[in-house]
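Position 1 is the first residue of the sequence; numbering continues from there.
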Amino acid sequence: MRRNERHQDDLDLDQDDLDLDRDGLDLDRDGLDPNVQDRSDSAQDDSGQDDSGRNGPDQDTPGRNDFAPDDLSPYWNTNVARHRDVLRAVPRGCRDALDVGCGDGLLARKLAGRAERVTGVDDAPEMIARARGLARGRPGLTFVEGDFLAADLPAGGYDFVCSVSAVHHMDFEAALIRMRELLRPGGTLMVVGLARSAGPAEWAVTVAAAPVVRLTKLVRRARTPDGMPLAAPRLSYGQVRAAAQRLLPGVRYRRHVLRRYSLTWRKPGP
């Protein structure tokens, strides 16, 4: 039974991990990518080496920051690859959405098409300044500079809370608890994160996925905005799953082929 659960939760091969249209090779729909040097691929690569180095064949094209504010596809990377999943998770009639670790506000600007009001929070001053500049003139978008765990945000104030490749910059459990508290009853939480491989089973998945990851990165020519903070993940995939299942009963955990996992959870309520 445990083996079947591992196949479904860790790999999810049939439904998602090897769905190349969604994860990376559908050029018309997704844009560009390879090895993203942002909040995402700052962990280990498939050979176990640090993927956050300044040189090497997997390094992304340096980012640009001069894209137009109304451009919602200015670049592609392994974080942007999961934006469609996040947008699909937004509940109907969403009034208030929160993007934790919003960076330059790209996902927040996309969320503005699905929620009445969107708040982005990030502790990087350069990112928040850029997000505010790109959102100028767009009603319903607010950006807060500060530590998410200490920021002045309304408890139970959001129908949707999301975070893409940011929770490994924080205390993981404290971040999940805070997100849980900020949701209204019946609200939805979606976290896309980065974890490290630990143990034979997790490394086997990482190594098996390596050809797809490398091909995608070669084809995509990924780039990301300058100034995105980097951090290596401290928790393994197994540790992430165990903590999430304890803190978010009924959470759906999935491991994706492009070095990401996702957590989707609905807070009990109406």
Side-chain angles (χ1 to χ4, degrees), residues 28-33 36-40 60-148 150-167 169 178-179 182-184 187-192 220-229:
D28 291 337
R29 295 175 63 184
D30 276 340
L32 327 156
D33 174 2
V36 197
Q37 289 304 316
D38 54 1
R39 297 176 185 267
S40 55
D60 289 344
T61 302
R64 63 184 178 89
N65 301 323
D66 59 347
F67 44 83
D70 58 349
D71 183 359
L72 296 183
S73 301
Y75 54 86
W76 192 97
N77 57 46
T78 45
N79 290 333
V80 175
R82 302 253 69 87
H83 281 188
R84 282 182 294 167
D85 295 345
V86 175
L87 294 173
R88 276 193 290 264
V90 178
R92 287 188 178 183
C94 181
R95 291 170 292 166
D96 297 280
L98 175 67
D99 182 12
V100 177
C102 64
D104 67 356
L106 177 59
L107 178 56
R109 296 195 302 279
K110 294 179 181 180
L111 286 169
R114 306 204 176 201
E116 293 179 19
R117 296 171 293 273
V118 179
T119 300
V121 57
D122 201 295
D123 63 0
E126 180 183 350
M127 292 293 102
I128 286 294
R130 193 178 305 161
R132 287 171 175 163
L134 290 168
R136 191 173 293 117
R138 299 171 73 101
L141 273 169
T142 302
F143 293 97
V144 176
E145 179 186 335
D147 178 359
F148 166 66
D152 184 14
L153 299 168
Y158 301 95
D159 303 295
F160 183 68
V161 176
C162 64
S163 180
V164 176
S165 294
V167 292
H169 290 252
R178 183 96 207 270
M179 293 179 198
L182 292 172
L183 274 178
R184 292 180 176 127
T188 298
L189 169 64
M190 183 162 190
V191 174
V192 174
R220 290 295 186 157
R221 308 185 315 277
R223 56 186 173 183
T224 190
D226 293 333
M228 285 283 192

Next on the checklist: If we check side-chain contact (heavy atoms from CB on, under 4.5 Å) with Leu153, which of these qualifies: Val161, Val100, Leu98?
Outcome noted: Leu98
Next on the checklist: My understanding is that only one of Val80, Val86, Val90 makes a side-chain contact (heavy atoms from CB on, under 4.5 Å) with Lys110; could you say which?
Outcome noted: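 Exactly one option meets the side-chain contact (heavy atoms from CB on, under 4.5 Å) with Lys110, and it is Val80.
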Roughly how far, to the nearest 0.5 Å, is [atom2] of [Y] from [atom1] of [X]?
| X | Y | atom1 | atom2 | result |
| --- | --- | --- | --- | --- |
| Leu183 | Thr188 | CG | OG1 | 7.5 Å |
| Asp96 | Glu116 | CG | CD | 7.5 Å |
| Arg136 | Arg138 | CZ | CZ | 12.5 Å |

Over all heavy atoms of both residues, which pair between [X] and [Y] is shortest? Give the atoms and the distance, please.
| X | Y | answer |
| --- | --- | --- |
| Pro229 | Ala124 | CG-CB, 4.1 Å |
| Asp226 | Glu126 | O-OE2, 3.9 Å |
| Arg114 | Leu87 | NH1-O, 3.0 Å |
| Ala89 | Met190 | CB-SD, 3.8 Å |
| Met127 | Met228 | SD-SD, 3.5 Å |
| Phe148 | Arg178 | O-NH1, 2.5 Å |

Checklist entry - Do the side chains of Leu111 and Cys162 get nearer than 4.5 Å, heavy atoms only? => result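 Counting from C-beta outward, Cys162 and Leu111 do come under 4.5 Å.
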Item to check | His83 side chain reached by Leu106 side chain, heavy atoms, under 4.5 Å | outcome: yes
Next on the checklist: Pair Ile128, Cys102 - check side-chain contact (heavy atoms from CB on, under 4.5 Å), show working.
Outcome noted: CA-CA 8 Å; Ile128 286 294; Cys102 64; 3.9 Å; yes
Checklist entry - Under 3.5 Å, side chain of Arg132 to main-chain N/O of Phe143, donor-acceptor pair present? => result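 The answer is yes, because a donor-acceptor pair under 3.5 Å joins these two groups.
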Item to check | With Ala115 via side-chain contact (heavy atoms from CB on, under 4.5 Å) - residues at least two apart | outcome: Cys94, Ala97, Val118
Item to check | Residues which pass side-chain contact (heavy atoms from CB on, under 4.5 Å) with Asp147, listed by chain and number, not counting sequence neighbours | outcome: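 Result, side-chain contact (heavy atoms from CB on, under 4.5 Å) vs Asp147: Leu149, Ala150.
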Checklist entry - What pairs of residues pass the side chain to side chain donor-acceptor pair (under 3.5 Å) test when at least one of them lies in residues 152-162, not counting sequence neighbours? => result Asp159-Arg184
